[in-house]
Amino acid sequence: MAYFWRIRHSHQKDTSGGEISPVQYVGRTPNSGSELVLSEDEKSDNEDKEETELGVMEDQRSIILHLISQLKLGMDLTKVVLPTFILEKRSLLEMYADFMAHPDLLLAITAGATPEERVICFVEYYLTAFHEGRKGALAKKPYNPIIGETFHCSWEVPKDRVKPKRTAPRSPAGCHEHPVADDPSNSYKLRFVAEQVSHHPPISCFYCECKEKRLCVNTHVWTKSKFMGMSVGVSMIGEGVLRLLEHGEEYVFTLPSAYARSILTIPWVELGGKVSINCAKTGYSATVIFHTKPFYGGKVHRVTAEVKHNPTNTIVCKAHGEWNGTLEFTYSNGETKVIDTTTLPVYPKKIRPLEKQGPMESRNLWREVTRYLRLGDIDAATEQKRHLEEKQRVEERKRENLRTPWKPKYFIQEGDGWVYFNPLWKAH
């Protein structure tokens, strides 16, 4: 395992009398010299998980009505300033990390015995990933990340919990536990870093890896929102790639759109659209459809999926259910299995405390906005948010005047996509 020396400023001395201790490598970045993020400082996350489930208040409704009166159907909302009271006290970068709340299922993919079992494991993980990314049923909006903003965290997963889901024991009904590893040596470490690499268009990147399992995911997402009358639609443009280095397999996947419905009463979120998962090496692919609720009747949050072996045109697995509820899988041999997403164990993120975070790390950057939102002081939260956004605009104008392009810390542009600067597949 690679190690680097702890970075100290030239005027500082080691007052302990001993040698400067080595720390586990996290990132020597292309734009910041030898910056290190010390995973040894990370602690289990104790942030509140749920958003207050209140509808839109009367005074807030009038603000939204005024805003709606200035919008046109299909209008791009990227540059529209939305009211602060709809914010949900976390950055979009952290929301992407919350989609990784079942890391045991992700790591179990590489344990699949055959290409068929591995692609089915990935589809099972994919379908269970979205429910934990939502903080309650209420549709609130994460903070728009500031360019250069980053988010770091990790998970420790007990090794005995990493098994292919098809053979893993079911969680007891109603069991929504928070597994914690007693001994780090008996656990796999999954690391995560996200960064906002562009402001116009708004592009976020995230990368996670587990060195021991030789697995990593690299994703770039351009969020594009538009006004749809009594709802707002957000397209997630881009793609991710899951790499299983032990098997030499790459799974390219896309993401669904999200919709905030009933924005004048009790806003709620649904997912919609067709997404794909493809592995060119094995010839397996999957189509997943997130069904939006029909205008009259019909169920909400429905999802269906089909896994296919393209060379033989054989369907090897079908799934249906609710992405935030119960999912039923049917395999080619006639076996069936049910996964209840509400009882899956949730692994808490490990994150460094605010005092050890840099000024551009999400929770530190937005700490005052979050503090005032928790206090219910919307005016003060709005002022803090305005200050951050104005600072971003001023710095952007400076770069334009100097014709100096923005250089991200952790991601490098390759063609139409973005790639982590030191990915596992390039490591020696």
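On a predicted model such as this, the values are computed, not experimentally measured, just so you know.
Of the N and O atoms on the side chains of Thr219 and Tyr96, not one donor lies less than 3.5 Å from an acceptor on the other residue. Between Tyr251 and Glu249, the side chains place a donor N or O and an acceptor N or O closer than 3.5 Å (distance only, hydrogens not considered).
Put simply, CD on Glu124 and CG on Leu327 are 9.5 Å apart, with the number rounded to the nearest 0.5 Å. Taken to the nearest 0.5 Å, the CZ atom of Arg243 stands 10.0 Å off from the CG atom of Leu424. In this structure, NZ in Lys89 is found 14.5 Å from CZ in Arg371, a value given to the nearest 0.5 Å. In this structure, OG on Ser204 lies 9.5 Å from CZ on Phe206, to the nearest 0.5 angstrom. In this structure, CZ on Phe290 lies 12.0 Å from NE2 on His301, to the nearest 0.5 angstrom. Rounded to the nearest 0.5 angstrom, Leu354 CG and Arg363 CZ are separated by 7.5 Å.
The main-chain N or O of Ala319 is never found under 3.5 Å from a side-chain atom of Glu328 such that the two would form a donor-acceptor pair. Checking side-chain atoms of Thr314 against main-chain N and O of Thr312 turns up a donor-acceptor pair under 3.5 Å. A donor-acceptor pair under 3.5 Å is formed between the side chain of Asn364 and the backbone N or O of Gln357. Checked by atom type and distance alone, the side chain of Asn324 never pairs as donor or acceptor with a backbone atom of His131 at under 3.5 Å. Distance alone, capped at 3.5 Å, is enough to place a donor-acceptor pair between the Gln196 side chain and the Ser198 backbone. Although no hydrogens or angles enter the test, the distance criterion places no donor-acceptor pair under 3.5 Å between the side chain of Arg90 and the main chain of Glu94. Put simply, the side chain of Glu306 never gets that close to the backbone of Val288: no donor and acceptor are under 3.5 Å apart. Proximity of a side-chain donor or acceptor of Gln384 to a complementary backbone N or O of Ala381 within less than 3.5 Å is not detected. For Thr304 (side chain) and His320 (main-chain N/O), no donor-acceptor pair under 3.5 Å exists by modelled atom type. With hydrogens and angles disregarded, a donor-acceptor distance shorter than 3.5 Å links the side chain of Asn218 to the backbone of Trp418.
The shortest side-chain heavy-atom distance between Arg352 and Glu361 falls under the 4.5 Å cut-off. Annotation: side chain of Lys213 is in contact with side chain of Val162 (closest heavy-atom distance under 4.5 Å). Taking the side chain as every heavy atom from C-beta outward, Arg191 and Lys189 approach each other to under 4.5 Å. Using a 4.5 Å heavy-atom threshold, the side chains of Thr326 and Ile339 count as separate. Side-chain contact between Asn313 and Lys308 is present, with heavy atoms from C-beta onward closer than 4.5 Å. Contact annotation: the side chain of Thr110 approaches that of His247 to within less than 4.5 Å [non-hydrogen atoms, C-beta and beyond]. Side-chain contact check for Thr287 versus Lys274: some heavy-atom pair is nearer than 4.5 Å. Side chains of Gln392 and Val394 form no contact here, defined as non-hydrogen atoms less than 4.5 Å apart.
Of all non-hydrogen atoms in Cys208 and Met100, the two that sit nearest each other are SG-CE, 3.3 Å. Minimum heavy-atom separation, Phe99 to Tyr125: O-OH, 3.4 Å. Of all non-hydrogen atoms in Ser362 and Glu149, the two that sit nearest each other are OG-OE2, 2.6 Å. Taking all atoms of both residues into account, the shortest heavy-atom contact from Leu388 to Leu365 is CD1-O, 3.5 Å. When all heavy atoms are compared, the tightest approach of Glu270 to Thr292 is OE1-CA, 3.4 Å. The shortest non-hydrogen separation linking Gly417 to His220 is CA-CE1, 3.5 Å.
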Check the pair Tyr143, Trp366 against ring pair (Phe, Tyr, Trp, His ring centres under 6.0 Å), reporting the backbone distance first and the verdict last. CA-CA 8 Å; Tyr143 306 141; Trp366 294 96; 4.5 Å; yes
Pair Lys426-Glu414, salt bridge (Lys or Arg N to Asp or Glu O under 4.0 Å): steps then yes or no: CA-CA 14 Å; Lys426 291 184 180 179; Glu414 290 189 2; 3.5 Å; yes
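By the neighbour-count criterion of 12 heavy atoms within 6.0 Å, atom CG of Asp416 is sparsely surrounded, having that number or fewer from other residues, nucleotides or ligands.
The aromatic rings of Tyr420 and Tyr410 sit parallel, their planes meeting at an angle under 30°, below the 60° perpendicular limit. Note on ring orientation: taking the six-membered ring where Trp is involved, the planes of Tyr331 and Phe329 are parallel (angle under 30°, cut-offs 30° and 60°). By the 30° and 60° cut-offs, the orientation of the rings of Phe192 relative to Phe151 is perpendicular.
Using a cut-off of 4.0 Å between Lys/Arg side-chain N and Asp/Glu carboxylate O, Glu390 and Arg393 are scored as salt-bridged. Classification of Glu212 and Lys159 as a salt-bridged pair holds, one side-chain N sitting under 4.0 Å from a carboxylate O. The existence of a salt bridge linking Lys350 and Glu156 is confirmed by a sub-4.0 Å separation between a basic side-chain nitrogen and an acidic carboxylate oxygen. Under a 4.0 Å N-O distance rule, the pair Glu383/Arg386 qualifies as a salt bridge.
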